[in-house]
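What you see is a predicted model, and the numbers here were worked out from it, not measured in a lab.
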Amino acid sequence: MASVGPSAASSQPALPSGPAVFKTIPYAFMLPEILCGTWVWILVAATSVSLPLLQGWVMYVSLTSCLISLLLLLSYILGFHRNSENWKVLDSLYHGATAILYMSAAVLQANATINSEFNPEGPLNYQLNSAASFFAFLTTFLYILHAFSIYYQ
């Protein structure tokens, strides 16, 4: 007969709290996700937005994801999870859904970059859009890594 006691519960890895969040994969991806996502919306905001509907979606996804990821990171640092397995499911679902949304935003930002290539406003707008596209795809990759690494943990 299998026992379901403290020894069975201790076989699963504990969720990190405090500074250990920055040393544990996949939670260590959270700070780079936030920083790269912040660069996306800063760079898009610095351009003269030629396609407001497309780049509005990029701004919405990047800003919302940045804020929610920051709240999630703070909740891990402060230990709100209390080592509950439900937090792993929440984390995986959030990062998976955000990866899909960020992929759509990155593709739209790449389209805006292509459209701004021959813009008469000069090469600065194109360079800012190119950098925003780069960071959008990088952030997408980080969210995908986070989602899959928590799934396979």
message: Assigning hydrophobic clusters by single linkage (Ile, Leu, Val, Met, Phe, Trp, Tyr; side-chain heavy-atom cutoff under 4.5 Å), is Val107 placed with Leu43?
response: no
message: Could you see if Leu108 belongs to whatever hydrophobic cluster contains Val44? Use Ile, Leu, Val, Met, Phe, Trp, Tyr and a side-chain cutoff under 4.5 Å.
response: yes
- line: So OG1 of Thr140 and CG of Leu145: to nearest 0.5 Å the spacing works out to 11.0 Å
Distance-only donor-acceptor pairs under 3.5 Å for side chains of residues 29-42, two or more places apart:
residue, atom, partner, partner atom, Å
Glu33, OE1, His95, NE2, 3.0
Glu33, OE2, His146, ND1, 3.3
Thr38, OG1, Ile34, O, 2.7

- request: Ignoring hydrogens and angles, tell me if any N or O in the side chain of Ser92 forms a donor-acceptor pair with the backbone of Val89 under 3.5 Å.
  value: no
query: Rounded to the nearest 0.5 Å, how far apart are OH of Tyr102 and OG1 of Thr139?
result: 4.5 Å
Under 3.5 Å, which donor-acceptor pairs link side chains of residues 58-71 to any protein atom two or more places apart or in another chain?
residue, atom, partner, partner atom, Å
Ser62, OG, Val58, O, 2.9
Ser62, OG, Met59, O, 3.2
Thr64, OG1, Tyr60, O, 2.7
Ser65, OG, Val61, O, 2.7
Ser69, OG, Ser65, O, 2.9
Ser69, OG, Tyr94, OH, 2.9
Ser69, OG, Tyr143, OH, 2.7

query: Is Ile114 linked to Trp57 within one hydrophobic cluster, defined over Ile, Leu, Val, Met, Phe, Trp and Tyr using a side-chain heavy-atom separation of less than 4.5 Å?
result: no
field: Pairs flagged by side chain to side chain donor-acceptor pair (under 3.5 Å) wherever residues 126-136 is involved - sequence neighbours left out
entry: Gln55-Asn129, Gln109-Asn129, Thr113-Ser133, Ser116-Asn129
- request: Flag yes if Trp87 and Leu78 sit in one hydrophobic cluster, no otherwise; membership is Ile, Leu, Val, Met, Phe, Trp, Tyr, and two members link when side-chain heavy atoms are under 4.5 Å apart.
  value: yes
statement: When every non-hydrogen atom of Ala46 is compared with those of Leu128, the smallest separation belongs to O-CD1, 3.6 Å
